Asks: 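Here it is, the structure, as structure tokens.
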Amino acid sequence: MTDATPLDASAPRRDFIREMVADDVATGRFGRAPATRFPPEPNGFLHMGHAKSICLNFGIAKEFGGSCNLRFDDTNPFTEDMKYVESIKRDVQWLGFRWDHEYYASDYFEQLYAIAEALVQKGKAYVDSQTEEEIRVNRGTVTSPGTPSPYRTRSVEENLDLLRRMRAGEFPDGAHVLRAKIDLAHPNMIMRDPLLLRIRREAHHYRRGSTWKIYPLYDFAHGLSDAIEGITRSLCTLEFKDNRDIYDWLVAEAGFTNPPTQIEFARLELDYTVLSKRKLLRLVNEGHVSGWDDPRMPTIAGLRRRGVRPEAIRAFAEVIGVARKDARVEIATFEHAVRDDLNMEVPRRLAVLNPLKVILTNFPEGRVEQLEAQDYPHDVPKTGTRTLPFGRELYIDRDDFMEDPPKKFFRLSPGNEVRLRFGYIIKCDSVVKDATGAIVELHCSYDPETRSGGANSDRKVKGTIHWVSAAHALSCEIRLYDRLFSQPDPDDVPEGQDFLAALNPQSLVVIADAKVEPTVGNDPVGSRYQFERTGYFMSDVEDSRPGHLVFNRIVGLRDSWAKELKKG
RNA sequence: UGCCCCUUAGCUCAACUGGCAGAGCGUCUGACUCUGGAUCAGAAGGUUCCUGGUUCGAUCCCAGGAGGGGCAACCA
């Protein structure tokens, strides 16, 4: 069939999963359209790793004209909560996907129970009454076979009786457990009589209340839920590779014809952060961040709050691709996707993070000029302009002035000239300091001939810096977010410490009184900008309001000056 | 004393199952010249972990070896 398909250069490159799905379609293997599912457990917020899976599952359904369900894998009553299902639904939709059906594994409990009884009837499952400890010990180790439980040979009648009484709530937690009867010496540990059902007599399930006294384990619930829904390809991460054996065993024993099959792919690992709901939950619970939507969190909610657009996340998912090898992705790859998206979308504005006052000594007192400023650079296919007030007193960024600059410093320094973006070329004449020697302001002169767009505006100077008019600028709070951890792999810490030891104390730096051009004052919250030469920002949807503007740094601009400095 | 997965450019990763090995970042060079800490373009860069085998042809298939990872939760 490959010969029959002409090579199409414009066709997107496919990963191994899409290849397999394409093959399913070509051979009619499943006799139905490709069906996938995204199966989160509602015990935490979704993060970047889930985003990868979402893009994969929903993307395949879309590309192949199939379907994708959202199914909550809610089989553990101790950890799950309705607030998480709501956040998950919101996040999936925000990412730009719509599910065909919304399902809950907890709605399949009755069917699962029927399958359990059927397995018992067939002699393929039994009730074990060993303690948790005994079960673990008797499972053996990776290098030695386990020993069968003394209860393994119970009669079908006794098993059935016990199972029904488990369900009826006659036994306390841990008294009995339902196990598949497979092989205690199986080379795959998963297949050593895996547990199917456990007693949770007192548990309160967030959806089923106290009606159920027994709950299925992942292996028992997952594959069968897929089969019930008619999924064709069950996509999961690499660590479930060994579970595939029990997946296949169960759907076959349950009598499903043409059952779904599992394909594993590498989970996402991102530098300088953690992608584990357990760890993210600790960050939230122990107060290391302000919540699941803290802009430093790699959660979908955190990225959204920070200002990242769903387009950037989807583009990122596409570039990292999917493979069968564990993949640790550099944070720079993600930041690149974010910049790449924002660069083409958001208007430019001028903001001064660390204000240093500049007085133009030869500019008439009280005079205000209106300068026209482009919203987008020449290579962005968007247009727009705004007017910037320009006066005798300005603010520039402290970083843009050096009293004793190194060779390649093209910004302002005593006796040197620099262009003010959209404005004039100015020259630094003198530096004013306070008693401690700290620089308090600069006295400069401007060249009236060099106004932007004017007749003689083409005089060249080495650098252009951003500025705001002191009389017109709006004060604002700026939150500079940086990576949450100070090392690429937060888990790589000395013996006896955990990932919290790698937390970056500088991950949030708040600038209480920055200055921004007045044009942004009435923009709605959630507006995004590039503050020229600084980075991309979004006004915070929770805390920003007229009179108290708050901007989150989404991502900085590529910083080649920092590299220059490093080179020394 | 097991079973399974992985090893490709400086780095992080792709490569549609046998047909000239690709991308991002980084590096270098150039362009624009009012983001010079932005943006854009081009280039350099590979013994595809090692050793054998099969084949006209191997990153891909087979055997052995080395290195990394997953599996022994009544979590998912």
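These figures come from a predicted structure and were not determined experimentally. A note on names: the letters A, B, ... follow the listed sequences, proteins ahead of strands, and every chain is numbered from 1.
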Asks: Please name the nucleotide paired to B:A66 by Watson-Crick or G-U wobble geometry with both distances under 3.5 Å, or report none.
Replies: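 Partner of B:A66: B:U7.
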
Asks: For a ring pair (Phe, Tyr, Trp, His ring centres under 6.0 Å) with A:F240, tell me which candidate from A:Y247, A:Y218, A:F265 qualifies.
Replies: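 Exactly one option meets the ring pair (Phe, Tyr, Trp, His ring centres under 6.0 Å) with A:F240, and it is A:Y218.
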
Asks: Going by the salt bridge (charged side-chain N to carboxylate O under 4.0 Å, His left out) test, name the single residue among A:K52, A:K325, A:R328 that passes it with A:E269.
Replies: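 Output: one option passes, namely A:R328.
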
Asks: Could you say whether A:V329 or A:Y536 is positioned toward the 5' end of RNA chain B, judged by the nucleotide with the nearest heavy atom to each?
Replies: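 Its nearest nucleotide lies further toward 5', so the answer is A:V329.
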
Asks: When both hydrogen-bonding distances must be under 3.5 Å and the geometry is Watson-Crick or G-U wobble, what is B:C71 paired with, if anything?
Replies: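 Answer to the pairing question: B:G2, which forms a Watson-Crick or G-U pair with B:C71.
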
Asks: Identify the nucleotide, in any strand shown, that forms a Watson-Crick or G-U wobble pair with B:G57, with both distances under 3.5 Å; if there is none, say none.
Replies: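 Paired with B:G57, as far as the under-3.5 Å criterion goes, is no nucleotide at all.
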
Asks: Look at A:R152 together with A:D193 and state whether they make a salt bridge at an N to O cut-off of under 4.0 Å.
Replies: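 Yes, A:R152 and A:D193 are salt-bridged.
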
Asks: On RNA chain B, check which nucleotide each of A:T464 and A:V319 is closest to and give me the residue with the more 5' one.
Replies: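 The answer here is A:V319.
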
Asks: Within this structure, what is the CG-to-C1' distance between A:D15 and B:A15, rounded to whole angstrom?
Replies: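 Taking atom C1' of B:A15 as the reference, CG of A:D15 is at 11 Å.
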
Asks: In whole Å, measure the gap between the C1' atoms of B:G26 and B:C13 for me.
Replies: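 The answer is 14 Å between these two C1' atoms.
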
Asks: Kindly confirm or rule out a cation-pi arrangement of A:R324 over A:F16, judged by NZ or CZ under 6.0 Å from the six-membered ring centre and within 45° of its axis?
Replies: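 Pair A:R324/A:F16 counts as cation-pi.
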
Asks: Quick one: does A:D326 reach the base of B:G69 with a side-chain donor-acceptor pair under 3.5 Å?
Replies: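 No such pair is found, so the answer is no.
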
Asks: Between B:A38, B:C5, B:A73, which nucleotide gets closest to the side-chain atoms of A:K241?
Replies: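 The answer is B:C5, which lies nearest to the side chain.
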
Asks: Which base sits across from B:C32 as a Watson-Crick or G-U pair, both distances under 3.5 Å?
Replies: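 Across all strands, not a single nucleotide pairs with B:C32.
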
Asks: Is a donor-acceptor contact shorter than 3.5 angstrom present between the side chain of A:R328 and the base of B:U12?
Replies: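 Result: no qualifying N/O pair found.
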
Asks: What is the distance, to the nearest angstrom, from the CZ atom on A:R200 to the P atom on B:A73?
Replies: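 Going from A:R200 (CZ) to B:A73 (P), I get 15 Å.
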
